[in-house]
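Structure first, commentary second.
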Amino acid sequence: MSDAASQRKMWGARFDRDPDASFYEFERSWKFDRRLLPQEFALDRAWARAIARAGILTSEEGDQIVAALDALELRSKSDTAWLDTSKAEDVHHFVETALIEKLGALGAKLHTGRSRNDMVATEFRMYVKYAAREIRSVVASLEHAIAEQAERNLKVPMPGTTHMQHAQPLLLSHWLLAHGEAFHRDAERVAAAAVRADVCPLGSGALSGCAFPLDRKALADDLGFSSISANSLDAVSDRDFALEYLFALSALAMHLSRLAEDFVLFASPEFGFVDLPDEFSTGSSLMPQKKNPDAWELIRGKTGRIYGSLMALFVTMKGLPSSYQRDLQEDKENLFQAHDQALAMIQIAGVTLAASRFREDRLREAAQDPALVATELADYLVTFGVPFREAHEIIGKVLRAAEQEGKSIREMSIQRLKEFSPVFDRNLATALTLESALARRSLPGGTAPGAVQSALLEFKRRLAELKSDL
Ligand code: ARG
């Protein structure tokens, strides 16, 4: 059958002329929605069984259609030329044409009671459920890499900053787990988007419902959905689930981008906190000394495209009248690309992070900056009953004097300190160690070694839960 003829078979009878070739290229979605072939075959089989149960097909006819679909699916997995050269309008057209070619009139019975509108809504939801699982599994690998690095660098100190200025010391493991927490929330958001997608529109027809006595719940069960949609018009109009998935990917990309930014800074010579792994870095064609953090920069850069996919779908949806509109075809290519990008970004982040070597010497040296323990000094005065606000002011003056005298506060004599407050009773070098500053943050969620150790255990417990759910 020629493409034009098969085209007519699907919807062409009321037309006098074939579609214009350039318009046909413009409107067809097969190039990208062929990705939905597994979902299309699963749906077609479930539909054949459902209409056989409803008496529209005999059970032998149902079996014959299912067997033919199995054979076509098998062929689709090995015969890529068949897929590549097809001029089908979309994935639904492709399978229907092949089925009719194989079974003749019987193949033509399958489309009873359904529409591509409820089919595409169903298959896209099935895809999002599958895609969400794929993303969660790479997030689990990234979380695993974070947990391993946190374990390896559990007690390594680093300067903590706010506004990029030295603030208070942290453990490197605490910084790593901060990113881990964000990614874990992302995995939960992706799972929530999959729960939203887990509602079956099939049986909604083109817009008004199905006129044949089908058991929609059984159909949904057959396709692995937890429930059925409540309103046929909403079911063919709704792409909220895709927006929620794209939002979850956008939040994930934003967190990847922030991790990437930390790595780019930490790998710079000014920080020197981490050595970039050769296998995930690039050089310069001009400057022989260069080793560039391109993996992280590309992760940061690609985040823009993920946000773009969310905005693109929001804009497509805005202003659509109720019901299916062809604009909705624009949902898929966009989401597929965002998914592919996100998957690659998470995967590369995980392996690059795992291969990175943190430089304990540099981190420890930077963490020795006495400015990082200024808060400790104020807290130290508080233990003598000095009100915190007053203590803050005294320490501010001590720090300024030290700066003017060109020395570290650790080097100031007890006599000099007493000029600022009589309560100083010893040299600050002993009162204020980096270790004590860290150890004092021992409440849950703090950076004390014991607290981080517990947080790491808890993080690993939740990671194991995520893995067991995959
Ligand atoms: N290819 C279409 C899409 O992706 C599905 C078919 C619905 N087409 C139609 N003309 N009603 O949205």
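Whatever order the structure lists them in is the order used to number ligands and atoms, beginning at 1. The figures here come from the full heavy-atom set of this structure, side chains too, leaving out hydrogens, waters and symmetry mates.
Counting protein heavy atoms only, atom 11 (N) of ligand 1 is closest to Asn117 OD1, 2.9 Å. The protein non-hydrogen atom at the shortest distance from atom 5 (C) of ligand 1 is Tyr324 OH, 3.7 Å. Taking atom 10 (N) of ligand 1 as the reference point, the nearest protein heavy-atom neighbour is Arg116 NH2, 3.8 Å. Annotation: atom 1 (N) of ligand 1 to nearest protein heavy atom, Gln329 OE1, 2.9 Å. The closest protein non-hydrogen atom to atom 4 (O) of ligand 1 is Lys332 NZ, 2.6 Å.
Residue contact check: Ser29 has heavy atoms under 4.0 Å from atoms 1 (N) of ligand 1.
The distance between the ring centers of Trp175 and Phe266 falls below 6.0 angstrom.
Cation-pi contact between Arg35 and Phe336: present, with separation from the ring centre below 6.0 Å and deviation from the ring axis of at most 45°. Cation-pi check for Arg125 over Phe241 is met; the charged atom lies under 6.0 angstrom from the ring centroid and within 45 degrees of its normal. Cation-pi contact between Lys129 and Phe225: present, with separation from the ring centre below 6.0 Å and deviation from the ring axis of at most 45°.
In the model, Lys467 has a side-chain atom that pairs as donor or acceptor with a side-chain atom of His144 under 3.5 Å.
In this structure, Lys31 has no side-chain hydrogen bond (donor to acceptor under 3.5 Å, both in side chains) partners at least two apart in sequence or on a different chain.
Every N/O-N/O distance between His92 and ligand 1 stays at or above 3.5 Å.
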